[in-house]
Amino acid sequence: MKVQNKESLSARQKRVIIPGRGIRLNDDHGELKVTTWNVKTLYKDGKLENAVREMRRYRWDILGVSEVRCIECGDIPSYDSTHFYYSGGQKHRFGVGFIVTREVRECVTGYVPRSDRVMLLQLNTKPIKTNLIQVYAPTSESTEAECENFYKDLDAVLKLVKKHELIMVMGDFNAKVGDTPEHNIVGPHGLGTRNDRGDRLIEFCTEYSLTIMNTWFDLPKRRLYTWQSPAHTCDKIVRNQIDYICVNYRYRNAVTSVKTYPGADIESDHNPVASKIRLKPKRVQKAKPNKVLNVQRFKDEEVVQHFLEKTDEIIKMDITLTKSLYEHLKRLTLNGWIKGLM
């Protein structure tokens, strides 16, 4: 599906505010399924519909997508009552976005399309707000300058959110953190050997107190790897873990599951990484709109006369009440003064 341009790059620094509803955090009666997936492209005809079909098949509520290859940024209604938020560049390369269900759409309060590699989606939650950040990091062939620019964009987006809010940074980081535990950041169930980009990711997570959640669940390796190399064969297995879901450490226990789905199909060499979080949609009452006076009615003489009569009644009532209150206070003051003399 070819997405139409909805918003210019000059508007990227502007937060798009959307009135919505709320979802309750840490409610034992429900879980929200949040997934990230490098889909290779959504610019090709039928790919967006394919992504929505896989969302429905696995019952995901939110799907963060990398390498969507859409240009510019915006949001549009999508297939099967879903909604697509996207952030791209001037060319059909890179790009990130979110596909959400109708129920989640009603909870979205705003989004920030920072660049073609970083996008923020905000949800109105109870008792705290939730911030989802979808990323697509530069590959290993990219320069160090490109990598640092990517993390600068991440820093800029994280400055827009408060530290006490739930923050989830997810996507294709093109980094290997390996299977060596690292304090509260990397768990004992990662894959492979850490590389330089993995060190940079850990440095970033340390700065913002983030935990890489898909390294903390003891699962078979087929549920851990997120990318399969084109050089992979039956005799030579080349699979890595380079897509991650990171959550601020204080809310790590709200995440009950993180695993990949090798069976999901969208013509991509990446597997989706799906998480379950204790979140439940909940309606929030919208503010009542201010009443607007119809001043055109004052052209009618009868309406004007009725208005003047009512106004006189209110003024007379206020004067009567004011006099009564004055006399009451006067008596109290006089009685108090007399008692003071006795």
Side-chain angles (χ1 to χ4, degrees), residues 31-42 47 50-68 96-100 132-137 139-140 168-182 185-195 197-198 201-202 205 210-234 236-247 252 254-279:
E31 289 180 319
L32 198 66
K33 295 180 180 179
V34 182
T35 302
T36 183
W37 199 1
N38 184 324
V39 294
K40 286 304 182 182
T41 182
L42 290 181
K47 285 296 288 286
N50 187 179
V52 172
R53 187 166 57 248
E54 292 300 276
M55 273 187 72
R56 294 303 190 188
R57 183 158 76 103
Y58 290 104
R59 298 182 179 180
W60 299 328
D61 301 293
I62 300 172
L63 176 59
V65 284
S66 299
E67 209 170 346
V68 297
V96 290
F98 291 93
I99 306 173
V100 303
L132 304 176
I133 302 173
Q134 178 67 26
V135 306
Y136 176 51
T139 62
S140 56
M168 177 177 283
V169 185
M170 59 186 187
D172 182 359
F173 284 90
N174 279 305
K176 293 193 292 183
V177 298
D179 56 4
T180 303
E182 183 77 24
I185 301 168
V186 181
H189 305 296
L191 282 181
T193 304
R194 188 175 303 164
N195 59 11
R197 295 293 170 88
L201 174 57
I202 291 173
C205 290
L210 298 173
T211 299
I212 304 175
M213 294 305 301
N214 43 324
T215 63
W216 290 92
F217 292 89
D218 187 7
L219 298 167
K221 288 187 177 181
R222 66 182 300 271
R223 289 290 196 166
L224 295 176
Y225 83 89
T226 68
W227 174 74
Q228 182 171 289
S229 169
H232 172 84
T233 64
C234 296
K236 183 182 179 182
I237 298 176
V238 186
R239 293 171 173 171
N240 290 316
Q241 188 182 53
I242 60 175
D243 304 76
Y244 302 101
I245 291 179
C246 309
V247 175
R252 67 196 184 281
V255 182
T256 60
S257 172
V258 180
K259 59 185 176 182
T260 63
Y261 284 82
D265 182 22
I266 200 170
E267 297 180 2
S268 173
D269 51 4
H270 287 253
N271 292 334
V273 184
S275 66
K276 292 181 181 180
I277 314 174
R278 288 197 292 267
L279 295 169

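Bear in mind the structure is a predicted one, so any value in this text is a computation, not a measurement.
Legend: residues meeting ring pair (Phe, Tyr, Trp, His ring centres under 6.0 Å) with Tyr261, ordered by chain and number and at least two apart, are Tyr58, Trp60. Residues satisfying the side chain to side chain contact (heavy atoms under 4.5 Å, CB included) test with Thr41, not counting sequence neighbours, are Tyr43, Lys44, Lys47, Arg69. In this structure, the side chain to side chain donor-acceptor pair (under 3.5 Å) partners of Thr256, at least two apart in sequence or on a different chain, are Glu31. Taking Ile212 as the reference, Val177, Ile185, Val186, Leu201, Cys205, Asn214, Thr215, Tyr244, Cys246 meet the side chain to side chain contact (heavy atoms under 4.5 Å, CB included) condition, with sequence neighbours excluded. Residues forming a side chain to side chain donor-acceptor pair (under 3.5 Å) with Thr226 (at least two apart in sequence, or on another chain): Asp243. Residues forming a salt bridge (Lys or Arg N to Asp or Glu O under 4.0 Å) with Arg53 (at least two apart in sequence, or on another chain): none. In this structure Arg222 satisfies the side chain to side chain donor-acceptor pair (under 3.5 Å) test with no other residue, sequence neighbours excluded. Shown here are the salt bridge (Lys or Arg N to Asp or Glu O under 4.0 Å) partners of Arg56, two or more places apart in sequence or in another chain: Asp80. In this structure Lys40 satisfies the salt bridge (Lys or Arg N to Asp or Glu O under 4.0 Å) test together with Glu67, Asp269, sequence neighbours excluded. For Gln134, the side chain to side chain donor-acceptor pair (under 3.5 Å) partners at least two apart in sequence or on another chain are Thr36, Ser66.
Shown here for Ala264 and Pro272, the closest heavy-atom pair between the two residues is CB-CG, 3.6 Å. Between Met55 and Ile62, the closest heavy-atom pair is CE-N, 4.3 Å. Looking at every heavy atom in both residues, Lys33 comes nearest to Arg59 through CD-O, 3.1 Å. Taking both residues in full, the closest heavy atoms of Arg197 and Thr139 are given as NH1-O, 3.0 Å, listed atom of the first, atom of the second, then distance. In terms of heavy-atom proximity, Ala51 sits nearest to Ile99 at CB-CD1, 4.0 Å. The two atoms that bring Ile245 and Val258 nearest to each other are CD1-CG1, 4.4 Å, heavy atoms only.
A donor-acceptor pair under 3.5 Å links the side-chain atoms of Thr260 to the main chain of Arg223, judged by distance alone.
Asp61 CG to Lys276 NZ: the interatomic distance, rounded to the nearest 0.5 Å, is 11.0 Å. Between the CH2 atom in Trp37 and the CD1 atom in Ile266 there is a gap of 4.5 Å [rounded to 0.5 Å]. Here the CG-CG distance, from Asp265 to Asn271, works out to 10.5 Å after rounding to the nearest 0.5 Å. Taking CG of Asn50 as the start and OG of Ser268 as the end, the distance is 10.5 Å to the nearest 0.5 Å.
Between Leu191 and Lys221, the closest side-chain pair of non-hydrogen atoms falls below 4.5 Å. Annotation: side chain of Leu63 is not in contact with side chain of Glu54 (no heavy-atom distance under 4.5 Å).
Within the structure, side chain to side chain donor-acceptor pair (under 3.5 Å) pairs that include any residue of residues 172-182 comprise Asn38-Asp172, Glu182-Arg194 (at least two apart or interchain).
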